[in-house]
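Remarks on the structure that follows.
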Amino acid sequence: MSKIPEYLKEEDGAIVITLAKPITADGTERKSLRMREPTVGDLENSQLVNGTDTAREIQLFANLMEIAADDVRGMSLRNYNRVQAAFGRFTD
């Protein structure tokens with residue numbers, strides 16, 4: 001596995017993502033998000049989402065971080081790239 005970026009921290013089988021700037025998720029300001037390790041079922045469920053590959057990825061990430069998909073859509077691209085990097089830690 002490659003070196004983990006400073007904004008990611010492995011913790012109890014999950015990854016804590018320190019955001020570049022806070023977001024509001026479920027009405028609460030968050031400076032970090034916790035992503036649990038995905039299962040095959042999570043991947044399968046994301047494939048059931050109609051729309052683009054990006055829409056399916058957004059739904060998968062929202063599920064893994066237990067926030068609404070619209071909260072993921074509202075992220076800056078910089079924060080979204082950090083979320084993608086966290087997901088990549090589970091797939092390499």
Side-chain angles (χ1 to χ4, degrees):
M1 220 181 248
S2 60
K3 184 177 186 276
I4 191 165
E6 62 190 37
Y7 54 83
L8 300 179
K9 180 181 175 191
E10 294 181 21
E11 186 177 277
D12 298 326
I15 296 181
V16 176
I17 307 154
T18 300
L19 301 171
K21 67 177 193 175
I23 66 164
T24 300
D26 300 324
T28 304
E29 184 177 272
R30 309 260 187 108
K31 294 180 181 182
S32 65
L33 295 168
R34 181 180 176 88
M35 179 182 281
R36 67 172 174 79
E37 186 167 5
T39 66
V40 174
D42 291 321
L43 185 60
E44 180 180 40
N45 288 338
S46 73
Q47 296 302 313
L48 299 175
V49 173
N50 290 326
T52 65
D53 288 343
T54 302
R56 287 187 278 281
E57 183 177 84
I58 287 168
Q59 187 59 52
L60 175 62
F61 292 167
N63 183 43
L64 297 176
M65 295 184 295
E66 299 180 351
I67 62 174
D70 282 341
D71 293 332
V72 177
R73 285 184 185 92
M75 284 182 181
S76 68
L77 191 55
R78 186 172 181 190
N79 278 341
Y80 190 71
N81 286 337
R82 290 181 178 202
V83 169
Q84 288 177 313
F87 182 76
R89 300 298 300 173
F90 295 120
T91 61
D92 65 356

TODO: Test side chain to side chain contact (heavy atoms under 4.5 Å, CB included) on V83 and V72 and set out the steps.
DONE: CA-CA 9 Å; V83 169; V72 177; 5.8 Å; no
TODO: Please step through side chain to side chain contact (heavy atoms under 4.5 Å, CB included) for the pair L33 and N79, ending with a clear verdict.
DONE: CA-CA 10 Å; L33 295 168; N79 278 341; over 6 Å; no
- [ ] Verify side chain to side chain contact (heavy atoms under 4.5 Å, CB included) between N45 and N63, making sure each step is shown before the conclusion.
- [x] CA-CA 10 Å; N45 288 338; N63 183 43; 5.7 Å; no
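Residues satisfying the side chain to side chain contact (heavy atoms under 4.5 Å, CB included) test with E29, not counting sequence neighbours, are P22, K31. Looking at residues two or more places apart in sequence or on another chain, you find a side chain to side chain contact (heavy atoms under 4.5 Å, CB included) between T18 and Y7. Applying the salt bridge (charged side-chain N to carboxylate O under 4.0 Å, His left out) test to D12 and every residue at least two apart in sequence or in another chain returns nothing.
The minimum heavy-atom distance linking L60 with S46 is given by the pair CB-CB, 3.8 Å. Closest approach of S76 and K21 over heavy atoms only: CB-CE, 4.1 Å. Looking at every heavy atom in both residues, A68 comes nearest to A62 through C-CB, 3.9 Å. A pairwise comparison of heavy atoms in T54 and Y80 identifies O-OH, 4.5 Å as the closest pair.
Between the side chain of R56 and the backbone N or O of Q47, no donor-acceptor pair lies under 3.5 Å. Between the side chain of D71 and the main chain of D26, a donor-acceptor pair closer than 3.5 Å is present.
When the shell of 6.0 Å around CD of E66 is examined, it contains 12 or fewer heavy atoms from other residues, nucleotides or ligands. No more than 12 heavy atoms of other residues, nucleotides or ligands lie within 6.0 Å of CD in E6, so this atom counts as exposed by the packing criterion.
Under the 4.5 Å side-chain heavy-atom criterion for ILVMFWY residues, a single connected hydrophobic cluster contains both I58 and L19.
Of the inter-residue distances, the one linking I17 atom CD1 with R82 atom CZ reads 10.0 Å to the nearest 0.5 angstrom. Expressed to the nearest 0.5 Å, how far CZ of F90 lies from CG of L64 amounts to 7.5 Å. I15 contributes atom CD1, which lies 6.0 Å from atom CG of L8 (distance to the nearest 0.5 angstrom).
The pair R36-D42 counts as a salt bridge, with a side-chain nitrogen and a carboxylate oxygen less than 4.0 angstrom apart.
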